[in-house]
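The structure appears right after this line, and notes come after that.
Whatever order the structure lists ligands and atoms in, that order sets their numbers, starting from 1. Note that this is a predicted model, so its numbers are computed, not measured. Numbering starts at 1 and runs along the sequence shown.
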Amino acid sequence: MAARHQAPRGTRDLLPEEAERWRWAEDRARGVLERYGYGELRTPMFEEFELFARTSGESSDLVQKEMYRFTDLGERTLALRPEFTAGVMRAFLEHGLGGRGRVHRLWSMGPVFRYGRPQKGRYRQFSQINCELVGSAAPGADVEIITLFVDLYEAWGFRSLTVKLNTLGQPETRREYGDKLRALLAPHLDRLSADSRRRLEQNPLRVLDTKEEQDLAVLRELEGRLPHLLDLVGPEDRAHWDAVLAGLDAAGIRYEVDHGLVRGLDYYTRTAFEVHDASLGAQSALGGGGRYDGLIEQLGGNPTPGVGFAIGMDRALLVLEERGLALDAADTVCVVAMDATRAGASALVRELRRRFRVEADVEAKAFGAQMKAAGKSGARFLVIAGEEEWARGEVALKDSASGEQKAVKREALAGEIEARLGVRQTMTRGSKT
Ligand code: AMP
């Protein structure tokens, strides 16, 4: 019978096996963030609509077309967060963190919501890891944030990622750039999509983000004649850029300069970066970020520099799955009992569950059926509570990693498993990327 209700379009359920992969990825990420000295900030999933309108700009697609905006029963206009930065900066100002004149390193993780057309790697509810380094304008801050960005992917098994990098200069730089772009595209207006024509009026840099084939054809023809932001930036921005590149070289981060990489919002300054993965097709951006020295001032705070990024978890996990991220049952213990030992084994199972992941039969199945299920489960350890051994205070422990089976005293069992596991990790096998 068909289910009566379905998850809303663009949303998904994560069934236990998939949720386990997510938890593994989240745990890995938390480890990296902790080692970098970032603190977690949890903000509400909804905020005043006005906050997002102010940070993203009234005319942005995010505000115009993609916002889950609603009025609550108290007539407040609210919106589900479409990204983290606005809420993080709101909290930063609300709690007066900026007044303390120091650098803040913050991360957040969780669902964000955008009303878009769902397709592979594009959902209406998806998850991001968001990091911000607030209070430093130094190139070293950009280098740290980009290094952290890459290290998060590496912790998931991504190898040889290349970060695309550009500088956006200052808002004036982008205005000058926009004017040049407009002039260059003016003779081709009739060949551009309606969206691009609108963007060319409101925010010309966004035209470079187009996915429309007709626009791409025009841009391809103009290749070589399109201006580069890097050629228009002032000496201080240029010095910042050079220092960031030198810092990335020193840290061993691979990057590629992409003159077409833009972020259209007004508060962005200087560094912008992204990573892509070809396997995702048009939705290829895995994550991105940049410097936003104008944002906090725009929200009414004292001018405070900042740099940050957002990583899309759904897309990262899609890529890992396609490449065969195999999370195995490497630390699972399967306990098999007989009629005579079942009662005693239940206490043993409970004891083992204080330290290990343990599977055990609850249906009083026959010994043979339990053995068969244990074989299928892929568990590394098999503990057999046979009648004779049990009477001697022992069980049989089989370690599938070595194929070895031996009798172990019940009180020594946990220690023996622990020793064989070595440093305990929930998931041991990395991906084959
Ligand atoms: P953005 O804030 O647009 O730069 O998004 C940051 C990251 O979030 C992107 O690089 C994607 O990995 C991810 N992302 C953005 N929109 C979606 C979506 N609709 N579904 C899934 N992931 C998304």
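Here the options are N166, T173, T167, D237, the test is side-chain hydrogen bond (donor to acceptor under 3.5 Å, both in side chains), and the partner is R270; only D237 passes.
Between V275 and V150 the shortest side-chain heavy-atom distance does not fall below 4.5 Å. With contacts defined as side-chain heavy-atom distances shorter than 4.5 Å, the pair E144/C131 does not qualify. Taking 4.5 Å as the limit, some side-chain heavy atom of L152 sits within range of a side-chain heavy atom of L33.
Atom 3 (O) of ligand 1 has R114 NH1, 3.0 Å as its closest protein atom, hydrogens excluded (heavy atom only). Summary of contacts: the protein heavy atom closest to atom 19 (N) of ligand 1 is Y123 O, 2.9 Å. Residue, atom and distance of the protein heavy atom nearest to atom 13 (C) of ligand 1 are G312 CA, 3.7 Å. The shortest contact between atom 4 (O) of ligand 1 and any protein heavy atom is with R263 NH2, 3.4 Å. Nearest protein neighbour of atom 6 (C) of ligand 1, counting heavy atoms only, is Q128 NE2, 3.3 Å. For atom 21 (C) of ligand 1, the closest heavy atom belonging to the protein is G121 O, 3.2 Å.
Judged purely by distance below 3.5 Å, without hydrogens or angles, the side chains of T332 and E359 never pair a donor atom with an acceptor atom.
Close N/O approach between D314 and ligand 1 is not found [any backbone or side-chain N/O within under 3.5 Å]. Annotation: A285 places an N or O atom under 3.5 Å from an N or O atom of ligand 1; distance criterion only. On a distance-only criterion, F126 and ligand 1 share no N/O pair closer than 3.5 Å. Among the atoms of L286, some N or O lies under 3.5 angstrom from an N or O of ligand 1.
A cation-pi contact links R12 to Y123, judged by a cut-off of 6.0 Å to the six-membered ring centre and 45° from its axis.
Using a 4.0 angstrom heavy-atom cutoff, G116 does not count as in contact with ligand 1. For the pair E83 and ligand 1, no heavy-atom separation below 4.0 Å is found.
Looking at D195 and K65, a side-chain N of the basic residue comes within less than 4.0 Å of a carboxylate O on the acidic one, giving a salt bridge. A salt bridge between R198 and D61 is present, with a side-chain N of the basic residue lying under 4.0 Å from a carboxylate O of the acidic one.
Atoms of ligand 1 found under 4.0 Å from any heavy atom of G287, numbered from 1 in the order shown, are 10 (O).
Atom OH of Y292 is separated from atom OG1 of T271 by 12.0 Å, given to the nearest 0.5 angstrom.
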